[in-house]
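Keep in mind the model is a prediction, meaning the values are calculated, not measured.
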Amino acid sequence: QVQLVESGGGSVQAGGSLRLSCAASGLNYLPYCIGWFRQAPGKEREGVAMIYTGDGSVAYADSVKGRFTFSQDNAMNILYLQMNSLKPEDTARYYCAALLPWRRCTIGVLAGTESLNYWGQGTQVTVSS
């Protein structure tokens, strides 16, 4: 059973940085599409970035491109979302989620049209102006 546990959230001023972690267990060395998503109160969930652990290919939402970096530490089964130049509109609860193994990432993952199979509990990010 895949389990995802997020950490690293917190409060920061605009322009600051945070690094979120997603500790994944149960992956059994299989390739997964894993994504970061966020949801602010009263807003729809938004796809932020996704990575296919099989080859390390990454894609980002336009809203975070150039500011966020998604990376993986295969040895530790930890995935990181480095968030720089944070803006107040980045304030949200951030979740990592995964598809079933061997399913590659698609545009639908970030767009929210493809359902993900495993979800973490989330970590809160608050950016003040």
Tell me which donor-acceptor pairs under 3.5 Å the side chains of residues 117-125 have, and how far apart each pair is, sequence neighbours excluded?
residue: Asn117; atom: OD1; partner: Leu100; partner atom: N; Å: 3.0
residue: Thr123; atom: OG1; partner: Gly9; partner atom: N; Å: 3.1
residue: Gln124; atom: NE2; partner: Ala92; partner atom: O; Å: 3.4

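Of all heavy-atom pairs between Ser21 and Ile78, the closest is CB-CG2, 4.1 Å. The heavy-atom pair separating Gly56 from Gln72 by the smallest distance is CA-NE2, 3.8 Å. Between Tyr52 and Cys105 the shortest heavy-atom distance is N-SG, 3.9 Å. Closest non-hydrogen pair, Ile34 versus Ala98, comes out as CG1-CB, 3.9 Å. Ala61 approaches Gly47 most closely through the heavy-atom pair CB-O, 3.3 Å. Residue Pro88 comes nearest to Ser129 through the heavy atom pair CG-CB, 3.9 Å, listed as atom of the first residue, atom of the second, then distance.
To the nearest 0.5 Å, atoms OG (Ser71) and CD (Gln82) are separated by 8.0 Å. Atom-to-atom distance recorded for Thr91:OG1 and Lys43:NZ is 9.0 Å, nearest 0.5 angstrom. Distance CZ/Phe70 to SG/Cys22: 7.0 Å, rounded to 0.5 Å.
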Gln3 and Ser25: CA distance, side-chain angles, deciding distance, side chain to side chain contact (heavy atoms under 4.5 Å, CB included) verdict: CA-CA 5 Å; Gln3 290 189 324; Ser25 60; 3.4 Å; yes
Test side chain to side chain contact (heavy atoms under 4.5 Å, CB included) on Glu114 and Leu99; report intermediate values, then the result. CA-CA 9 Å; Glu114 184 163 2; Leu99 292 173; 3.9 Å; yes
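Taking hydrophobic clusters as Ile, Leu, Val, Met, Phe, Trp and Tyr residues chained together by side-chain heavy-atom distances below 4.5 Å, Val2 shares a cluster with Trp102. Using a 4.5 Å cut-off between side-chain heavy atoms of Ile, Leu, Val, Met, Phe, Trp and Tyr, with links allowed through other members, Tyr94 and Leu4 fall into the same hydrophobic cluster. Linking ILVMFWY side-chain heavy atoms closer than 4.5 Å, directly or via other members, places Ile51 and Leu30 in a single hydrophobic cluster. Leu18 and Val5 fall into different hydrophobic clusters, where Ile, Leu, Val, Met, Phe, Trp and Tyr residues are linked whenever their side-chain heavy atoms come under 4.5 Å apart, directly or through other members. Under the 4.5 Å side-chain heavy-atom criterion for grouping Ile, Leu, Val, Met, Phe, Trp and Tyr, Val48 is not connected to Leu116 through any hydrophobic cluster.
Partner of Phe68 under the side chain to side chain contact (heavy atoms under 4.5 Å, CB included) criterion, chosen from Leu20, Val58, Leu86, Asn84: Leu86.
Between Glu46 and Arg38 the shortest side-chain heavy-atom distance falls below 4.5 Å. Within the 4.5 Å cutoff, no side-chain heavy atoms of Cys96 are placed close to those of Leu79. Side chains of Val64 and Trp36 form no contact here, defined as non-hydrogen atoms less than 4.5 Å apart. Residues Tyr60 and Arg67 are not in side-chain contact: their nearest non-hydrogen atoms beyond the backbone lie 4.5 Å or more apart. With contacts defined as side-chain heavy-atom distances shorter than 4.5 Å, the pair Val12/Met83 does not qualify. Counting only heavy atoms from C-beta outward, the side chains of Arg103 and Val109 never approach each other to under 4.5 Å.
Look at Lys87 and Asp90 and you find no salt bridge, because none of the NZ, NE, NH1 or NH2 atoms lies under 4.0 Å from a carboxylate O.
At least one donor-acceptor pair closer than 3.5 Å links the side chain of Thr53 to the backbone N or O of Tyr32.
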